[in-house]
Amino acid sequence: MRQPRVGSPGVAVSTLLQAIVNGLMTGSVYALLALSIALIFKTMDTVNFATASMGAFCAFLFFQVGTVLGLGWGAGLAVAAAGAVVLGWAVERGIVRPLGSGDLFRLVLATMGLDIVLNNATQIFFGSGVQNINAPLPSGGLNVGGVNVDLARLVILGVAVAGAVVLALVLRYTNLGVGMRAYAQDPQAATLMGVPARTVSRWTWIISSLLGLIAAIMVASVSVLSVGFLQGTFISAFTAAVLGGLSSLPGAVAGGFVLGVLEALSIAYAPRAVTIALPVLIILVVLMIRPAGLFGRLSATRA
Amino acid sequence: MAADESGGLSLRGVTAGYGRSTVLHGIDIEVRPGQKVAILGPNGAGKTTVLRAVSGLVGVRSGTITLGGAALTGRRPDEIVKRGVAHVPQGRRVFPDFTVEENLRAAAYSRGGRDVDDDVARVLDAFPRLRDRFGVRAGFLSGGEQQMLAIGRAVVQRPRIVLIDEMSLGLAPILIKELYGRFDRLFADVPAVIVEQNPSVALEHCSYVYVLSNGEVKASGPASEFTSHERLMQAYAGAAD
């Protein structure tokens with residue numbers, strides 16, 4: 001057996017555990033943003049490349065109302081959530097519906113354009129400074145058997161899991177959720193069951209926008225808020241979604257956690273270049289070995 | 001679900017098509033309350049397009065479609081469903097990732113997904129096979145079971161009229177007989193438009209027949225007039241020229 005490179009076996013084990021714990025916490029953010037991406041892909045057959053800038057714009061609203069105007073984080077959250085709903089609705093109404101569904105690339109290009117517009121709007125409205133949002137998260141950490149668990153990140157993990165659970169419940173038990181899932185499987189058959197296409201489209205974008213907002217606030221609360229601050233996370237979340245099969249919601253969550261842990265392991269054990277290239281490497285490997293992702297199925301054209 | 005208040009379906013001079021091609025050229029079809037009407041005709045005659053025009057899945061360029069006197073033309077498909085049109089499409093189109101139960105419940109979308117237990121019980125009584133497969137995803141069902149489920153969804157929709165497209169397609173004769181029997185009982189008072197490639201089956205279960213070809217009605221009349229093979233062949237042959 002190969003000798004551990006550093007210290008005693010105990011240290012090696014705790015390094016490994018620490019990396020896994022860190023990875024799960026980061027991964028929870030990827031999972032939530034990956035859900036936002038996968039929900040759109042599953043239902044609307046397109047990738048929203050404005051996911052990051054939409055979430056970031058609303059996170060700035062949160063900061064502006066809560067901190068700059070001094071109304072507190074509760075008011076900030078309410079305004080930001082309202083902003084996310086309006087933004088999701090406006091994007092669906094103003095861009096997605098006029099362009100029509102069924103053409104992946106037309107909408108992909110449109111969302112890429114939207115991303116540029118929103119990033120610039122964010123800069124114009126909120127400035128190009130770097131802000132600390134001072135989220136009301138606990139500081140310090142717990143030491144569990146030599147592994148340090150950061151409390152703030154633990155809360156974030158909890159919020160992410162709660163967000164995923166709420167989404168699952170909505171999709172499973174509400175009439176709208178059932179309609180959305182039916183539409184994702186067969187739009188025309190869903191229409192014949194009385195599911196209005198535009199309602200599904202509208203709520204898919206609104207819910208996706210809300211998920212993006214939560215992820216954006218989570219990222220900003222442990223790093224900083226600045227124009228484009230969510231782009232890196234978006235790349236990771238997109239990778240996570242691809243890993244999970246792009247159209248599978250459980251896959252997106254699993255992909256997020258897997259990517260988070262892989263990333264943390266690469267930070268602990270591999271050269272920095274590997275960590276930076278990791279998302280691209282993973283997308284490459286997935287596309288080569290298992291293009292449908294961990295949970296996805298290759299779509300078959302229906303007669 | 002009394003026949004009188006359900007009202008009939010009426011297509012007057014309906015012209016419809018996809019993109020630049022016109023499939024239906026001024027079709028007139030009447031379905032009286034409680035009546036079962038068959039639409040027969042060769043492949044590509046436009047039979048499916050008639051149903052799709054009623055459901056709003058294909059745009060009607062001219063003419064009107066009314067149900068119980070109220071216009072369906074120009075309405076969205078989900079609004080037409082809400083007005084009481086249940087369309088069982090060709091190829092069943094069950095939701096493959098939904099279980100049998102979820103498929104049936106999804107059919108109640110228009111009334112908020114509520115109040116489905118009685119309808120589901122009726123479907124399971126009519127199709128005991130579906131009871132055995134209740135928790136199975138529909139993608140794993142046989143073709144016959146999928147057709148039962150597709151009919152079951154129409155039951156849950158509590159329609160004022162049922163449109164059913166090629167119920168018999170790809171099924172064994174004994175199963176076709178059983179399905180039509182169940183269909184007749186489940187929708188005893190509900191008018192229906194039945195599109196069939198298999199004329200003998202349709203003639204047995206319908207009281208009135210339209211023969212379509214090249215997007216036009218070539219013959220129509222009581223089913224009894226078409227039961228002789230020659231008469232039907234005549235209509236088909238007339239259809240061909």
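Chain identifiers are assigned alphabetically (A, B, ...) following the order of the sequence lines, protein sequences preceding nucleic acid strands; residue numbering begins at 1 within each chain.
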Asker: Contact between A:Arg172 and B:Glu102 at the side-chain level, heavy atoms closer than 4.5 Å - yes or no?
Answerer: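 Yes. Closest side-chain heavy atoms under 4.5 Å.
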Asker: Based on non-hydrogen pairs under 4.5 Å, which of B:Ala107, B:Ala154, B:Gly112, B:Ala150 is most in contact with chain A?
Answerer: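 Sorted descending by pairs with chain A, the first entry is B:Gly112.
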Asker: How about CZ on A:Arg93, more than 12 heavy atoms from neighbouring residues, nucleotides or ligands closer than 6.0 Å, or not?
Answerer: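 Counting other residues, nucleotides and ligands, CZ of A:Arg93 stays at 12 neighbours or fewer.
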Asker: Taking all non-hydrogen atoms of both residues, which atom of A:Thr191 and which atom of B:Val81 are closest, and how far apart?
Answerer: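 Shortest heavy-atom separation between A:Thr191 and B:Val81 comes out as O-CG2, 3.7 Å.
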Asker: So what's closer than 4.5 Å to chain B heavy atoms on A:Thr199: side chain, backbone, both or neither?
Answerer: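 The side chain, not the backbone.
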Asker: Mind ranking A:Gly179, A:Ala197, A:Pro196, A:Ala190 by heavy-atom pairs under 4.5 Å with chain B and telling me who comes out on top?
Answerer: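 So the answer, after comparing A:Gly179, A:Ala197, A:Pro196, A:Ala190, is A:Pro196.
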Asker: At a heavy-atom separation under 4.5 Å, does A:Ala184 approach chain B through its side chain, its backbone, both, or neither?
Answerer: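 Neither the backbone nor the side chain of A:Ala184 comes within 4.5 Å of chain B.
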Asker: Can you tell which part of B:Arg52 gets under 4.5 Å to a heavy atom of chain A, answering side chain, backbone, both or neither?
Answerer: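 The answer is the side chain of B:Arg52.
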Asker: Are there more than 12 heavy atoms of other residues, nucleotides or ligands under 6.0 Å from atom CZ of B:Phe140?
Answerer: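 Count not over threshold, so no.
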Asker: For atom CZ of B:Arg61, is the number of surrounding heavy atoms from other residues, nucleotides or ligands below 6.0 Å larger than 12?
Answerer: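 Yes, because the 6.0 Å sphere around CZ of B:Arg61 holds more than 12 heavy atoms from other groups.
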Asker: If I take atom CZ from residue B:Arg93 and atom CG from residue A:Asp186, how far apart are they, to the nearest 0.5 angstrom?
Answerer: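 Here the interatomic distance stands at 4.0 Å.
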Asker: Side chain, backbone, both or neither: which part of A:Arg181 has an atom under 4.5 Å from a heavy atom of chain B?
Answerer: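 Both parts, heavy atoms under 4.5 Å.
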Asker: Ignoring hydrogens and geometry, is there a side-chain-to-backbone donor-acceptor pair from A:Asn175 to B:Tyr109 under 3.5 Å?
Answerer: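 Judged by distance alone, yes, a pair lies under 3.5 Å.
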Asker: Is it true that a side-chain atom of A:Gln185 and a backbone atom of B:Val94 form a donor plus acceptor pair closer than 3.5 Å?
Answerer: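 Answer holds: no.
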Asker: Got B:Arg105 and A:Val178 here, is their nearest side-chain heavy-atom distance under 4.5 Å?
Answerer: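 The answer is no, as the side chains (C-beta and beyond) never meet within the 4.5 Å cut-off.
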Asker: For residues A:Met193 and B:Gln157, report the shortest heavy-atom separation together with the two atoms involved.
Answerer: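 Looks like CA-NE2, 3.7 Å.
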Asker: Nearest heavy-atom pair of A:Gly194 and B:Ser110: which atoms, and what distance?
Answerer: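 The answer is CA-OG, 3.6 Å.
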